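What follows is one structure encoded as structure tokens, with my remarks underneath.
It should be emphasised that the depicted structure is a prediction, and the values quoted were computed from it without experimental measurement.
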Amino acid sequence: GVVAVPDERLKKLTEMYNPQKTTPAVVEFVDIAGLVKGASKGEGLGNKFLSHIRETDAIVEVVRCFEDSNVVHVDGSVNPIRDIEIINLELSISDLEIINGRISRIAKKAQTNRDKDALKELETLNKAKEALECGKPLRLVDFTEEDLALLKNFSLITLKPVIYLANVSEEDLTNDNNYVQMVTEYAKKEGAQTVKICAKLESELSELNDDDKKEMLSVVGIEESGLDKLIQSSYSLLG
């Protein structure tokens, strides 16, 4: 879905200047179903989803942060850090396969011909490989601009910036439960953002007009919807 970035300034400017047309900034979101353990080996719809993620500029990772016996969890219990780490591991394995494949293709050429460009590429790939084997996403590795220009050719998933989207119950929208706190701490270590959302409430809001939406948000005790916050954060993350 292509969504307009909510911006009060744009509304004010439109009111002031009354232009023939007002065009907001937009962000395109691609909904990719959840990855399961073993996705990198083709479990679930594994590799198909991984190829879709490669085409994006950033990742919004939806993390379950609510208890509800009526909503089954694939692993039988709610544990947001476990869920994040399963996904990160699958994405890392997928990147590692691409890097190992490239290393095996150019290593001989680099070492036999002492080709300057191939040697530089090999050095960068080995640096990336070492990080991934230690369980470190590539976005957390201190690469030079030259390194990043080389790696850009491979559409590596763990190089992409991430927003963690904590999906909570309506009751937890105005205060952080333990799960949200865990995700926020985890994200901080990565220098990533956390946005809180109640998917159930957002679904209800999407069917209302603006006035009813404002009234409902007021009843819940929040000023703007989680979806609006997510759109703004995504736009900001993309620079």
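Annotation: side-chain hydrogen bond (donor to acceptor under 3.5 Å, both in side chains) contacts involving residues 225-239, sequence neighbours excluded, comprise Q193-S233. For the side-chain hydrogen bond (donor to acceptor under 3.5 Å, both in side chains) condition, the pairs that include at least one residue of residues 13-27, sequence neighbours left out, are T14-T22. For residues 185-201, the set of pairs meeting the salt bridge (charged side-chain N to carboxylate O under 4.0 Å, His left out) definition, not counting sequence neighbours, comprises R139-E190, D176-K196, E185-K188, K200-E204.
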Inset, instruction - Begin with the C-alpha distance, continue with both residues' side-chain angles, and end with the deciding distance and a verdict on side-chain contact (heavy atoms from CB on, under 4.5 Å) for V26 and V5. - result: CA-CA 5 Å; V26 296; V5 179; 5.8 Å; no
If you look only at distance, which donor and acceptor atoms sit under 3.5 Å apart when one is on a side chain in residues 205-221 and the other is two or more places apart or in another chain?
residue : atom : partner : partner atom : Å
S206    : OG   : S203    : O            : 2.6
N209    : OD1  : D211    : N            : 3.2
N209    : OD1  : D212    : N            : 2.8

Please report, to 0.1 Å, the donor-acceptor pairs under 3.5 Å made by any side chain of residues 117-124, with sequence neighbours excluded.
residue : atom : partner : partner atom : Å
K120    : NZ   : D147    : OD1          : 3.0
E121    : OE1  : R102    : NH2          : 3.3
E121    : OE2  : R102    : NE           : 2.6
E121    : OE2  : R102    : NH2          : 3.2
T124    : OG1  : K120    : O            : 3.1
T124    : OG1  : D147    : OD1          : 2.8

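For the pair K160 (side chain) and T56 (backbone), a donor-acceptor distance under 3.5 Å is present. Listed for the E170 side chain is no donor-acceptor partner under 3.5 Å among the backbone atoms of L201.
Applying the side-chain hydrogen bond (donor to acceptor under 3.5 Å, both in side chains) rule to E171 yields the partners S169; only residues at least two apart in sequence or on another chain are considered. Annotation: side chain to side chain contact (heavy atoms under 4.5 Å, CB included) contacts of V141 (sequence neighbours excluded): K127, A131, K136, L138, F143. Residues meeting the side chain to side chain contact (heavy atoms under 4.5 Å, CB included) test with E85, sequence neighbours left out: I81, Y186. Residues satisfying the side-chain hydrogen bond (donor to acceptor under 3.5 Å, both in side chains) test with E8, not counting sequence neighbours, are K11. A search for side-chain hydrogen bond (donor to acceptor under 3.5 Å, both in side chains) contacts involving T158 returns D95, not counting sequence neighbours. Applying the side-chain hydrogen bond (donor to acceptor under 3.5 Å, both in side chains) criterion to N177, with sequence neighbours excluded, gives D172. Considering only residues two or more places apart in sequence or on other chains, V62 meets the side chain to side chain contact (heavy atoms under 4.5 Å, CB included) condition with L165, N167.
A heavy-atom distance below 4.5 Å is found between the side chains of L125 and I106.
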